Amino acid sequence: KITSRVTKMLNIIRDNPNENLLDLLLLSAYFSKAKVPISMNVLIGFFDMCYQNIYKLVTTLQDQIIEDVIITNEDQDYFTLRSSIYASKIMDLADKDRLKKVIQRVAYNVPNEYIENYYMFKRSAYDSEMIFKIFKDVDEGLEFYREIYRKDKNPYTYQHAAMYAAKMKDYTEAFNFINDAINSTPNKIFSIQNVYATILFQANLEQDSSSSMVSMELDKSMNILESCINDAQGKVYHISTYSDQALKLNNLLSRDKDREYMEKALRYIEDTLITLDVNEAKNKRDLTYFKKQLESNLRINSKKTNNVQ
């Protein structure tokens with residue numbers, strides 16, 4: 001039902017001769033998905049119009065989707081979608097090339113200080129999974145991340161760029177960006193180490209598995225994750241990655257070492273499940289899933305060993 005409503009709305013606005021209306025809708029969805037309102041300053045920077053013309057645009061869509069937001073101690077207007085549910089649906093159903101151009105205009109035309117709660121905005125607005133769905137040209141996607149980094153030199157921007165490049169199978173650029181992320185801060189950031197390990201694993205998983213160098217790199221990835229588990233807080237994320245890779249290694253190589261990885265992953269999970277609070281339901285589900293997968297694979301390995309004997 002929501003899909004049909006959003007599709008109809010997109011078609012109506014797309015057919016309007018004023019193309020700025022569709023851009024306003026997509027811009028509103030982009031910001032609402034990031035859980036921040038659009039300020040009048042953002043709209044002025046994005047459209048390069050005067051206040052009066054922008055307000056005419058907003059008024060045209062106001063009855064349908066956009067509403068005012070009251071922010072205390074501010075002397076400008078703010079707007080957002082009436083329903084956050086619509087934001088994701090609009091971005092899913094919109095023309096991806098048009099949506100890409102809207103996102104690029106925000107990056108190139110809108111100063112970060114115009115964006116309300118920029119810290120919250122950037123956590124979602126530059127997410128590699130979303131950019132992967134929208135930017136199908138890897139060079140264009142990576143240039144987008146370079147522009148974001150020029151405006152805000154944050155290692156997490158390069159982390160997302162590395163994840164995006166890895167999804168696009170450009171492992172050379174993925175390693176370049178994740179190394180830049182690591183080198184841009186004197187402190188060890190475990191989420192960045194996790195991404196480095198994941199890229200290292202993915203890049204070598206697709207190589208000749210009989211190569212000793214490939215095996216060495218895969219083991220290096222596991223060792224990095226073990227360090228993350230042992231030294232970092234928020235261990236569930238690292239344990240899930242470690243468990244997933246242990247299962248993949250077992251299916252690919254089936255070495256004694258891979259069985260040991262699975263056994264270690266199972267111990268990590270069992271030790272962590274005991275400590276989880278009742279409000280950590282998702283973490284419990286994730287770890288329980290991997291626990292079952294690991295136990296099943298270990299049982300199969302044990303049967304194979306017994307049959308050989």
Side-chain angles (χ1 to χ4, degrees), residues 30 33-36 100 103-104 106-108 110-113 115 117-207 213-214 216-245 248:
Y30 182 47
K33 196 170 189 302
K35 297 181 173 60
V36 300
K100 177 189 69 180
I103 293 173
Q104 287 173 317
V106 173
Y108 287 94
V110 178
N112 294 343
E113 55 267 25
I115 299 173
N117 199 352
Y118 180 71
Y119 176 78
M120 173 71 75
F121 176 82
K122 69 183 179 181
R123 292 176 63 183
S124 171
Y126 313 138
D127 177 71
S128 61
E129 189 67 41
M130 182 186 71
I131 299 303
F132 171 71
K133 293 176 182 177
I134 297 170
F135 286 75
K136 293 306 179 184
D137 183 299
V138 65
D139 292 332
E140 205 170 21
L142 293 177
E143 182 53 37
F144 165 78
Y145 278 114
R146 290 188 185 97
E147 176 61 21
I148 300 303
Y149 189 81
R150 279 192 285 268
K151 293 168 66 178
D152 177 26
K153 291 179 170 51
N154 188 306
Y156 295 108
T157 299
Y158 277 169
Q159 176 185 341
H160 281 296
M163 293 166 70
Y164 166 77
K167 291 177 191 296
M168 298 293 284
K169 305 296 184 183
D170 189 338
Y171 291 114
T172 298
E173 286 289 15
F175 280 117
N176 287 339
F177 275 100
I178 201 62
N179 283 323
D180 285 344
I182 292 170
N183 294 331
S184 68
T185 174
N187 303 316
K188 179 180 278 190
I189 300 175
F190 290 105
S191 65
I192 292 177
Q193 293 292 321
N194 181 294
V195 171
Y196 176 76
T198 302
I199 293 171
L200 186 63
F201 189 85
Q202 290 173 348
N204 283 279
L205 199 64
E206 299 175 10
Q207 305 303 314
M213 181 61 70
V214 168
M216 189 182 305
E217 294 292 270
L218 291 169
D219 290 333
K220 179 181 176 182
S221 172
M222 298 300 285
N223 292 335
I224 293 170
L225 290 174
E226 284 186 26
S227 175
C228 291
I229 292 169
N230 293 327
D231 298 338
Q233 295 185 357
K235 295 177 184 288
V236 171
Y237 170 59
H238 303 301
I239 293 172
S240 295
T241 305
Y242 185 89
S243 300
D244 181 56
Q245 292 190 181
K248 288 175 179 175

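Keep in mind that what you see is a predicted model, and the values were worked out from it rather than measured. The basis for the numbers below is simple: all heavy atoms, side chains too, and nothing from hydrogens, waters or symmetry mates.
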Checking side chain to side chain contact (heavy atoms under 4.5 Å, CB included) for the pair K220/Y196: CA distance, chi angles, key distance, verdict? CA-CA 11 Å; K220 179 181 176 182; Y196 176 76; 3.4 Å; yes
Kindly indicate, with the supporting measurements, whether the criterion side chain to side chain contact (heavy atoms under 4.5 Å, CB included) is fulfilled by Q207 and M213. CA-CA 10 Å; Q207 305 303 314; M213 181 61 70; over 6 Å; no
Are H160 and I131 close enough, and set up right, to give a side chain to side chain contact (heavy atoms under 4.5 Å, CB included), and what steps lead you there? CA-CA 9 Å; H160 281 296; I131 299 303; over 6 Å; no
Please evaluate residues E173 and L142 with respect to the criterion side chain to side chain contact (heavy atoms under 4.5 Å, CB included), reporting the C-alpha separation (whole Å), side-chain torsions for both, the decisive distance (0.1 Å), and the verdict. CA-CA 9 Å; E173 286 289 15; L142 293 177; 3.7 Å; yes
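Between Y118 and E113, the side chains place no donor N or O within less than 3.5 Å of an acceptor N or O (distance only, hydrogens not considered). Side chains of Q245 and S221: a donor-acceptor N/O pair is present below 3.5 angstrom, by distance only.
Taking every heavy atom of both residues into account, Y30 and I103 meet most closely at OH-CG2, 3.6 Å. When every heavy atom of V110 is checked against every heavy atom of K151, the shortest pair comes out as O-NZ, 2.7 Å. In terms of heavy-atom proximity, V214 sits nearest to N204 at CG1-O, 3.4 Å. Between K235 and D231, the shortest heavy-atom contact is NZ-N, 4.4 Å. P155 approaches A181 most closely through the heavy-atom pair O-CB, 3.5 Å.
Atom CD1 of I189 and atom CG of N194 lie 12.5 Å apart (nearest 0.5 Å). Considering NZ of K188 and CD1 of I182, their distance stands at 9.5 Å, rounded to 0.5 Å. Note that NE2 of H238 is 8.0 Å distant from CG of L225, once rounded to the nearest 0.5 Å. Interatomic distance, I192 CD1 to M163 CE, rounded to the nearest 0.5 Å: 11.0 Å. Interatomic distance, D219 CG to M222 CE, rounded to the nearest 0.5 Å: 8.5 Å. Between F132 atom CZ and D127 atom CG the span is 12.0 Å, to the nearest 0.5 Å.
Atom NZ of K167 sits in a crowded spot, with more than 12 heavy atoms from other residues, nucleotides or ligands closer than 6.0 Å. R123 CZ: 12 or fewer foreign heavy atoms inside a 6.0 Å radius.
Salt bridge absent: E143 and K100 never bring a charged side-chain N and a carboxylate O closer than 4.0 Å.
The closest side-chain heavy-atom distance from Y171 to E206 is below 4.5 Å. In this structure the side chain of F177 never reaches within 4.5 angstrom of the side chain of N179, judged on heavy atoms. Put simply, the side chain of S191 reaches to within 4.5 Å of the side chain of Q159, judged on heavy atoms. Here the side chains of L205 and K248 are in contact, with some heavy-atom distance below 4.5 Å. Taking 4.5 Å as the limit, some side-chain heavy atom of V195 sits within range of a side-chain heavy atom of I199.
In this structure, Y149 and Y158 have parallel ring planes: the angle between them is below the 30° cut-off, well short of the 60° mark. Between Y164 and Y145, the angle of the ring planes lies from 30° to 60°, which puts this pair in the tilted group.
Remark: K133 is not positioned above the aromatic ring of F135, lacking an NZ or CZ atom under 6.0 angstrom from the ring centre and at most 45 degrees off the axis.
Residues Y242 and F201 keep their aromatic ring centres 6.0 Å or farther apart.
The closest donor-acceptor contact from the side chain of S124 to the backbone of M120 lies at 3.5 Å or more, if one exists at all. Looking only at distances, no side-chain donor or acceptor of S240 sits under 3.5 Å from a matching main-chain atom of Y237.
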